[in-house]
Structure formats: C-alpha cells, structure tokens
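Structure first, commentary second.
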Amino acid sequence: MIQTKLYFLWLLFKIAKNWVILNRIHVSVRPNIWKLTGCNIGKNVSIGYDVYYDVTNASYITIEEGAWITSRCLILCHQRDLSNYYEGSDINKMDYIKRPVLIKKGAHIGMGSIIMPGVIIGEGAIIGAGSIVTKDIPAWTIAIGSPARVVKVIREKVT
C-alpha cells in the first residue's frame with residue numbers, strides 16, 4: 001500500500017514538473033496537481049515547467065493567490081542540521097531541519113531561482129532570475145542575487 005502511494009506521488013510529481021502548458025487557459029493544471037501532493041495553493045497561481053519542490057514535505061509550502069513561479073525554480077523545505085557537524089562526522093547521519101516556505105499574494109519568482117527553507121516572500125515581491133533566497137523578502141520589493149538582496153522598493157502609484 002505504501003509503495004503504491006509513493007508511486008502515485010512520484011507520478012504526480014513527474015506530471016506536475018514536466019507538463020509543458022502552452023495555453024493560458026490550462027495554467028491551473030500544475031497547481032492542482034501540486035495540491036494533490038500536499039501543497040497549500042491559492043487561486044490563480046501560475047507554475048512554470050521544470051519547477052522542483054520538496055514533494056515529501058509539500059505541506060510546508062504555501063503559495064498565495066496570484067503568485068507566479070517561473071520555470072526551473074527550486075523550492076526547498078528541509079536542510080541538514082549542521083549544528084552538531086564536526087570534523088570526522090558523517091554528513092549522511094545528520095538530521096534534517098524542516099521549515100515552511102510562504103510565497104505571498106502576487107509575488108513573482110524569476111526563472112531558475114532557489115527558495116531555501118523558512119523563507120517568506122512578501123506580497124507583490126519580485127525575485128530576479130537565478131537568485132538564491134535565504135532570508136525573508138519584504139512586500140513590494142525587488143530582490144536579486146546570491147544570496148538575494150533587496151535592490152529596489154516598489155512605490156505606490158500616484159494618481
């Protein structure tokens with residue numbers, strides 16, 4: 001029974017990752033598959049192709065309404081606990097730390113970016129292509145680089 005469930009999750013992940021969607025009408029397919037693996041996903045979320053995520057810890061991922069994750073991104077919810085790692089230690093025996101990732105409403109994650117565990121990306125924030133996000137990014141900012149740093153604050157529109 002467990003093997004069947006794991007195979008089903010693996011199959012869903014493969015479909016969610018590789019299904020190239022050419023028509024905007026069908027953009028909701030991939031987020032719906034992610035939901036089946038345990039992710040918390042709001043309405044009108046867009047997910048590009050070849051996006052990898054921490055399927056075994058999918059419940060730690062929340063993507064709010066209207067967010068856009070472009071192709072080839074990586075979202076991680078776990079990392080090795082290196083607090084007790086010393087010379088001569090076996091890295092494979094180190095425990096994992098699991099922390100949630102929250103991508104808020106209307107955020108945009110640029111192509112090829114990596115989102116590390118425990119990160120909150122604020123509402124309307126833009127992450128530049130190829131960035132590695134290791135710390136929280138405030139709402140309505142643009143962050144780029146490795147590690148990602150805020151380079152611009154998006155102003156309110158003056159009418």
Side-chain angles (χ1 to χ4, degrees), residues 12-83 85 91 94-159:
L12 282 175
F13 174 70
K14 286 297 186 183
I15 292 169
K17 183 184 97 52
N18 290 314
W19 195 336
V20 179
I21 297 172
L22 301 175
N23 189 333
R24 180 79 174 136
I25 295 170
H26 302 291
V27 165
S28 65
V29 171
R30 199 171 292 111
N32 287 332
I33 294 171
W34 281 38
K35 285 180 189 179
L36 290 174
T37 65
C39 292
N40 306 300
I41 298 186
K43 295 179 181 179
N44 301 318
V45 168
S46 298
I47 299 172
Y49 65 91
D50 276 343
V51 176
Y52 286 89
Y53 65 103
D54 203 341
V55 176
T56 56
N57 298 300
S59 63
Y60 285 82
I61 298 172
T62 300
I63 304 170
E64 292 183 352
E65 176 182 340
W68 173 242
I69 301 170
T70 59
S71 299
R72 300 194 181 263
C73 290
L74 172 62
I75 302 172
L76 295 171
C77 300
H78 77 283
Q79 64 190 55
R80 295 278 185 181
D81 180 2
L82 299 178
S83 61
Y85 186 62
I91 189 70
M94 298 289 112
D95 290 329
Y96 287 105
I97 298 172
K98 297 177 182 179
R99 295 171 43 209
V101 169
L102 172 58
I103 300 172
K104 294 209 166 200
K105 182 179 176 181
H108 178 92
I109 313 300
M111 204 169 190
S113 294
I114 299 172
I115 311 302
M116 295 299 290
V119 168
I120 298 172
I121 297 175
E123 181 179 345
I126 298 171
I127 306 300
S131 296
I132 300 177
V133 183
T134 59
K135 295 181 180 174
D136 293 352
I137 303 298
W140 301 106
T141 60
I142 298 173
I144 61 170
S146 176
R149 290 182 195 79
V150 173
V151 294
K152 183 175 182 179
V153 174
I154 301 167
R155 299 180 315 197
E156 203 173 309
K157 186 176 182 177
V158 179
T159 56

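Index from 1, following the sequence.
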Q) Can you find a pair of side-chain heavy atoms, one from Glu65 and one from Val45, that are under 4.5 Å apart? A) no

Q: Might you work through the side chain to side chain donor-acceptor pair (under 3.5 Å) test for Arg80 and Tyr96, ending with a clear yes or no?
A: CA-CA 4 Å; Arg80 295 278 185 181; Tyr96 287 105; 3.1 Å; yes

Q) Are any of the side-chain heavy atoms of Ile63 and Ile69 separated by less than 4.5 Å? A) yes

Q: Dump the intermediate steps for side chain to side chain contact (heavy atoms under 4.5 Å, CB included) on Ile61 and Cys77, then the final yes or no.
A: CA-CA 7 Å; Ile61 298 172; Cys77 300; 3.3 Å; yes

Q: Would you sort out whether His78 and Asp54 count as a side chain to side chain contact (heavy atoms under 4.5 Å, CB included), showing the intermediate values?
A: CA-CA 8 Å; His78 77 283; Asp54 203 341; 2.5 Å; yes

(Q) Once rounded to the nearest 0.5 Å, what's the spacing between atom CE of Met116 and atom CG of Leu74? (A) 8.5 Å

Q: Taking all heavy atoms of Gly118 and all of Val101, pick out the closest pair and write down the distance.
A: N-CG2, 4.2 Å

Q) For Leu102, does the CG atom sit with more than 12 other heavy atoms under 6.0 Å from it, leaving out its own atoms? A) yes

Q | Closest approach of Thr37 to Tyr53 (non-hydrogen atoms, all atoms of both residues) | A | OG1-OH, 2.8 Å

Q.
How about CG on Asp95, more than 12 heavy atoms from neighbouring residues, nucleotides or ligands closer than 6.0 Å, or not?
A. no

**Q.** Distance (rounded to the nearest 0.5 Å) between Ile114 CD1 and Cys73 SG
**A.** 9.0 Å

**Q.** Ile47 and its side chain to side chain contact (heavy atoms under 4.5 Å, CB included) partner, picked from Ile109, Thr70, Ile75, Ile41
**A.** Ile41

Please tabulate, for the side chains in residues 120-135, all donor-acceptor contacts under 3.5 angstrom to protein atoms that are two or more places apart in sequence or on a different chain.
residue: Ser131; atom: OG; partner: Gly128; partner atom: O; Å: 2.8
residue: Ser131; atom: OG; partner: Gly145; partner atom: N; Å: 3.0

Q: Evaluate whether atom NZ of Lys98 has more than 12 neighbouring non-hydrogen atoms of other residues, nucleotides or ligands under 6.0 angstrom away.
A: no

Q) Would you say Leu76 and Tyr52 make side-chain contact, with heavy atoms under 4.5 Å? A) no

Q. Hey, what do you get for CE (Met94) to CG (Leu82), rounding to the nearest 0.5 Å?
A. 7.5 Å

